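Here the structure is a predicted model, which is why all the values come from computation and not from measurement. Each ligand, and each atom within it, is numbered from 1 in the order the structure gives. Computed from heavy atoms alone, side chains included, the values below leave out hydrogens, waters and symmetry copies. Note that the numbering runs from 1 along the sequence shown for the chain.
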Amino acid sequence: MKFGGTSVEDAQAIGRVAEIVRGRLRRRPVVVVSAMAKVTDQLLAMGRAAGGGDLPAALERSRALRERHLNTARELVGPESFSQLRPELEHDFDQQDELLRGIVAVGELTPRTTDYVVSFGEAISSKIVNAAFQTRGINSTLVDARQCVITDANYTQATPLFDETNPRILSKVNPLVEAGQVVVMGGFIASTSDGVPTTLGRGGSDFSAAIVGAALEAECIEIWTDVDGMLTTDPRVCPGARRIKVVSFDEAAEMAFFGAKVLHPATLLPAVQKNIPVYVLNSRNPKNKGTCVRKRPPGRRGSFTAIATKKNISIVSIVSPRMLLAHGYLHKVFEVFDRHRCPVDIVSTSEVSVSLTVDSGRDVEAIMADLRRFADASCEDKMAIVCLIGENIRGTPGVLAKVFTAVAEGGINVRMVSQGASEINISFVIEEDDVAEAVRRLHARFFESEPKQRRVKRATAWAQAVTAPVV
Ligand code: ASP
Ligand code: MG
């Protein structure tokens with residue numbers, strides 16, 4: 001069970017976490033926690049202040065963090081336990097201040113030191129959560145994640161070394177779980193084989209949970225956050241948006257590309273590879289069944305799972321008669337984008353033209369100048385990509401017709417289309433101003449008008465998936 005920053009943001013939130021964990025005790029949970037909300041950002045700002053030589057500003061930030069954490073701990077555990085916990089926390093913050101003085105003394109903040117600075121967030125939050133569990137009668141033990149998750153030395157974005165990490169997790173965590181202890185660990189933080197603190201990249205606690213869950217071969221991984229799982233589309237655009245009950249790993253990956261911020265599926269890979277389902281749940285609404293991410297969703301032939309959009313897109317169109325029957329032309333075109341380090345999203349080609357989409361503002365003027373050296377190139381802004389995602393559209397005839405009929409009925413002009421690559425998404429480009437209308441029409445067509453009978457069948461399939469046993 002992983003609890004993100006907002007799930008441990010204050011004493012009340014941590015109290016809720018304790019109750020959620022208590023409700024899972026029979027399933028022998030291991031708990032991974034983030035730093036309290038906003039703490040990682042504040043630690044980074046503190047480190048930068050020190051790196052810039054401003055010791056008073058850095059120490060002031062450190063003092064504010066000390067106060068927040070001590071107040072939270074005091075409120076959570078009561079005066080008696082707090083008198084034991086306090087010296088430990090004070091010691092950590094003293095160490096933090098010492099580190100800041102060191103950074104000011106050497107006059108620079110390296111990535112290696114940055115990781116040391118931010119590691120205090122999870123190191124301390126996990127101590128407080130563990131103490132809160134204990135005072136609530138939960139048999140819990142703190143395990144230092146830095147002694148379990150071993151990474152390379154790519155500071156701020158380290159990669160786990162599974163050959164070292166997995167045996168460590170098994171030897172340090174498993175015996176405690178077997179003995180009936182709830183293990184509490186900080187997410188995001190790790191260390192090199194030599195014991196130098198590292199981190200797994202921003203938002204890395206989900207990754208930690210997947211690493212630990214995969215090593216222990218957990219029956220499931222729960223990512224507890226502050227929303228009811230993933231939604232079929234952006235509720236601000238389409239009020240009819242609903243919770244997605246089951247999503248495949250590949251679908252979730254497509255959604256993340258379009259900015260679905262709930263989780264980054266790449267971080268779940270260790271779990272998904274082992275076929276361990278991942279649930280996204282809401283610590284403020286624990287009764288909600290959330291969204292399950294798994295390797296393959298149960299069959300829903302012909303239906304979509306989500307509609308994602310990406311605004312602020314430009315269409316670059318390149319026309320050249322020289323393209324006719326020539327080879328190497330596309331190479332030449334893409335070489336320009338490569339040189340400008342500009343990612344391209346959608347591409348469509350004809351014999352003499354290529355259209356592609358890029359994020360607006362990405363050096364587009366310079367790219368256009370380079371393209372015009374060998375072709376007619378034009379650029380249109382204020383475009384958007386709409387993307388329908390669904391594993392089960394593979395091999396289903398007539399889906400495209402339904403999509404474009406729904407869009408055409410809104411009088412919306414489709415500028416580019418792409419289906420293929422992954423076979424689980426249909427993407428098309430329209431004007432930005434048409435996005436809301438298009439999404440509402442598509443959502444109504446594919447998510448709100450299923451025949452009753454099918455919906456019941458689907459609900460049963462989902463219910464089975466959602467009630468799978470949980471560790
Ligand atoms: N605390 C870290 C961050 O804010 C890791 C996490 O919360 O997942 O990036
Ligand atoms: Mg997060």
Just distances here: any N/O of G203 and N/O of ligand 1 closer than 3.5 Å? yes
Below 4.0 angstrom from a heavy atom of R202, which ligand 1 atoms are there? Numbered from 1 as shown, please. 3 (C), 4 (O), 9 (O)
For E122, counting its heavy atoms only, list the atoms of ligand 1 lying under 4.0 Å from any of them. 1 (N), 2 (C), 5 (C)
Does the pair N130 and S140 meet the rule for a side-chain hydrogen bond (donor to acceptor under 3.5 Å, both in side chains), with working shown? CA-CA 6 Å; N130 181 51; S140 69; 2.6 Å; yes
Please determine which of I221, L170, I211 meets the side chain to side chain contact (heavy atoms under 4.5 Å, CB included) test together with L216. L170
Looking at ligand 1, is there an atom of it that comes within less than 4.0 Å of some heavy atom belonging to G204? yes
Numbering as shown, the atoms of ligand 1 that approach S34 to under 4.0 Å (heavy-atom distance): 6 (C), 7 (O), 8 (O)
Between F337 and F334, how do the two ring planes meet: parallel, tilted or perpendicular, split at 30° and 60°? tilted
Going by heavy atoms in the side chains, are D152 and T192 under 4.5 Å from each other? no
Does ligand 1 have any atom that is closer than 4.0 Å to a heavy atom of G5? no
Give the atoms of ligand 1, by number and element, whose distance to some non-hydrogen atom of F188 is under 4.0 Å. 2 (C), 5 (C)
Measuring only between side-chain heavy atoms, which start at C-beta, is R243 closer than 4.5 Å to T291? yes
Can you check whether S283 reaches I20 side chain to side chain, under 4.5 Å on heavy atoms? yes
